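Naming: A, B, ... by sequence-line order, numbering from 1 per chain. Note that the structure is a prediction, hence the values are computed from the model and not measured.
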There are 2 protein chains.
Amino acid sequence: MTDTAPRPTLEAVAARAGVSRATVSRVVNGGDGVRDILVERVRKAVEELGYVPNQAARSLVTRRHDAIAVVVAEPETRVFADPFFALQLRGISKELTAHDNQLVLLLTEGRDDHTRVGRYLAGGHVDGALVFSLHLDDPLPQLIQRAGVPTVFGGRPGWSGDRRGVLYVDSDNRGGARDAVRHLAGLGRTRIAHITGALDQTSAVDRLDGYRDVMVDADPRLIAEADFTPAGGERAMRELLGRCPDLDAVFAANDLTAAGALRVLREAGRRVPDDVAVIGFDDMLPVAEQTDPPLTTVRQDIEEMGRLMARLLLRGLDRGAPQEGVGGAPSSVVLPTTLVRRASA
Amino acid sequence: MTDTAPRPTLEAVAARAGVSRATVSRVVNGGDGVRDILVERVRKAVEELGYVPNQAARSLVTRRHDAIAVVVAEPETRVFADPFFALQLRGISKELTAHDNQLVLLLTEGRDDHTRVGRYLAGGHVDGALVFSLHLDDPLPQLIQRAGVPTVFGGRPGWSGDRRGVLYVDSDNRGGARDAVRHLAGLGRTRIAHITGALDQTSAVDRLDGYRDVMVDADPRLIAEADFTPAGGERAMRELLGRCPDLDAVFAANDLTAAGALRVLREAGRRVPDDVAVIGFDDMLPVAEQTDPPLTTVRQDIEEMGRLMARLLLRGLDRGAPQEGVGGAPSSVVLPTTLVRRASA
DNA sequence: TTGAAAGCGCTAACAA
DNA sequence: TTGTTAGCGCTTTCAA
């Protein structure tokens, strides 16, 4: 682990190029209003000295950091058990990189961490924040709001407070759920059950709402609560089978849950999709393609969600891509979902 | 998206507490050599004003950033198809947080990104780097080495260059593979096949070496090359079945591959574990527990790897936990693995 | 034990 | 078009 050699400063470059610091600064920041000959000379000096601007010094005066915090508030391990998180991150990273912004990752584990994150955000280290916090009772969103940092949420935040100016990017969970249930109905199924996700998350609530939109007069016993996990799916499926042995279809809140349900159905001797059709949500490939039979599911474009979050934030900061289409303030985005047909329904 | 209110400076705190800036600075940084009465006064002023130090100004003079870059160089999407990455990140984040360091995430996509990352690292934005780069031909490690940033690698880096002072944290891939194959042999299996991982990654090479350690005179036709994916596992398993119909066990380079193999075996009418015993690697729960039958596999403690990487780096920077045990320079770490028995072997 | 003062490396008025 | 100069907010000698 070598020590870093002392890096050349603007001063050094200026000396070498035979110009003032101001001129070097101008060239380094785009070179507008500087004669071509000088631009050339400065560029050469920069090159020769291997000059890289000191970001701390720059931030001190510009009050910009070109850095965005990504806050992942996930007390549970669920986020880490599926590629969801990584995919969003990738989308975010791509967009930030394209606009020369750094990504500062803040993972929080429980309440104690909240104050730490709040302090950090309030500390003006970053220009904005992208926040994943999908739990209804989570204090984090408000905390961040108070820190006065421009923020975009991943998924509709489930707070009851002031919603004005709250920006988020979400999938059309409700619409996707409707599509899934309609597809099952189109298959001629009439006893369509739903296994919910963790109902303290807006995505789970929205998917349940979508189910209800279609199954207006659904037998309430056809709904079983779970938590997005395979184990939860198994438990819920057993419950359902006990309560409603005549069910002929299941819409599960996500693929993991559907995988659990599939296993229980097989154990119970029900054939899928002949006896019971099953649909999941997410289109999490390693799961959806590996189940037996492969899972029909509702796909959401996770990476695109990430990219959009970053774009929205950057735009709000007056950087990033110029507004496409009509101008005006950026607003929340809800991305469409698509039904992916495989063998299970 | 509200604008940030102008934050109070040291100056303001000093004025309010009726002391000099220097004194406030001392208090904020631990308060050594300042009378208790003054410490008290300053703390109060800090509190009342909601003062948070400006990190840019501080870095400018201290040349410290309390920030560590995590570089994930993964041209393929594989990293994102399993929770491996997220778990390491979690371990890293925990350790960094415990020592008040920020995590700057740099995701690279292909070669073009390398120069960007190199520039960033050389730019002195961070105090050190944790790098995941497991491909044999990857230029990134050398690039980083040249940038002169203290670095710890995740997984043994597969370069042929100067290895002096290269620090890494890895699992005992070779030992774990040996355990797996020995376990199969202990089950009385004699025709034990191996499906490799992507052989441009050291982990795959090491696991293959472990297999060979035990199967000294193995029929070379018992080895089929794959790439850590389920599809690769299927392909390799078909190959193997064609070449060596008499095989009675398979050690797959990871769980995903094993899952693919399992499916092909079932299609081929081979019972697992009765006809063919199968072992994977990773203990990736959502996969290993969901396969049919559940997968016997070699577990590595991913999160701990991440934590250790961070600890090693921090220690090299003379921060972090005081050296446990004997002193001296930190050195690379290879973590043990454990065999987890389930139904497949 | 405290304060005064000199920068850290850069940008951004303002003059020239 | 270029240079001069005054800070940005902080830490850190050096004196007192």
S.K.: Does OP1 or OP2 of D/dT11 have a side-chain N or O of B/Arg58 closer than 4.0 Å?
M.R.: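 It does, given that an N or O in the side chain of B/Arg58 lies less than 4.0 Å from OP1 or OP2 of D/dT11.
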S.K.: Could you check which of C/dC10, D/dT2, C/dG9 has an atom nearest any side-chain atom of A/Val34?
M.R.: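 The answer is D/dT2, which lies nearest to the side chain.
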S.K.: For A/Glu11 and C/dC10, what is the distance between atoms CD and P respectively, to the nearest whole Å?
M.R.: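 Going from A/Glu11 (CD) to C/dC10 (P), I get 9 Å.
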S.K.: Rounded to the nearest Å, what distance is computed from the CZ atom of residue B/Arg35 to the C1' atom of nucleotide C/dG3?
M.R.: 13 Å
S.K.: Report the distance from atom NE2 of A/His65 to atom P of C/dG9, rounded to the nearest whole Å.
M.R.: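 Atom-to-atom, A/His65 to C/dG9, this comes out as 19 Å.
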S.K.: For the pair made of CD in A/Gln55 and P in C/dC10, what is the distance, rounded to whole Å?
M.R.: 10 Å
S.K.: Distance check needed: C/dC10 P versus A/Arg64 CZ, whole Å only.
M.R.: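 Roughly 17 Å, once rounded to whole Å.
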S.K.: Could you give the CG-to-C1' distance, from B/Asp36 to C/dT1, as a whole number of Å?
M.R.: 12 Å
S.K.: Answer yes or no: does atom CD of A/Glu48 have more than 12 heavy-atom neighbours from other residues, nucleotides or ligands under 6.0 Å?
M.R.: yes
S.K.: For B/Leu10 and C/dG7, give me the distance from atom CG to atom P, rounded to whole Å.
M.R.: 19 Å
S.K.: Between A/Glu40 and A/Arg43, does at least one N-O distance fall below 4.0 Å, as a salt bridge requires?
M.R.: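 So A/Glu40 does not pair with A/Arg43 through a salt bridge.
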S.K.: Send over the distance from A/Asn54 CG to D/dC10 P, rounded to a whole Å.
M.R.: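 For the pair A/Asn54 CG and D/dC10 P, the rounded distance is 16 Å.
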S.K.: Is the phosphate of C/dG3 approached by B/Ser20 (side-chain N or O, under 4.0 Å from OP1 or OP2)?
M.R.: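 Affirmative; the distance criterion is met.
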S.K.: Run the salt-bridge test on A/Glu95 and A/Arg311 with the 4.0 Å N-O cut-off and return the result as yes or no.
M.R.: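 Answer for the salt bridge query: yes.
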S.K.: When you measure from the side chain of A/Ala22, which nucleotide among C/dT11, D/dT4, C/dA4 comes out closest?
M.R.: D/dT4
S.K.: Would you mind telling me which of C/dT11, D/dG3, C/dC10 lies closest to the side-chain atoms of A/Thr62?
M.R.: C/dT11
S.K.: Can you list the steps and then say if A/Asn29 with A/Arg58 is a side-chain hydrogen bond (donor to acceptor under 3.5 Å, both in side chains)?
M.R.: CA-CA 11 Å; A/Asn29 293 293; A/Arg58 180 180 272 173; 3.2 Å; yes
S.K.: Does anything in residues 23-32 of chain A reach DNA chain D, meaning a heavy atom under 4.0 Å, and if so which residues?
M.R.: A/Thr23, A/Arg26
S.K.: Locate the shortest heavy-atom distance separating A/Val166 from A/Phe153; write the atom from each residue and the value.
M.R.: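 Taking every non-hydrogen atom into account, CG1-CD1, 3.9 Å.
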S.K.: Which one, C/dC10, D/dT12, C/dG9, comes nearest to the side chain of A/Leu60?
M.R.: C/dG9
S.K.: Is any side-chain N of the basic residue among B/Arg307 and B/Glu304 closer than 4.0 Å to the acidic one's carboxylate O?
M.R.: yes
S.K.: Would you mind classifying the nucleic acid contact of A/Arg63 as base, sugar-phosphate or nothing, using non-hydrogen atoms under 4.0 angstrom?
M.R.: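 Since only primed, P, OP1 and OP2 atoms lie under 4.0 Å of A/Arg63, the category is sugar-phosphate.
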S.K.: What pair of heavy atoms forms the shortest contact from B/Ala69 to B/Leu121, and how long is it?
M.R.: CB-CD1, 3.9 Å
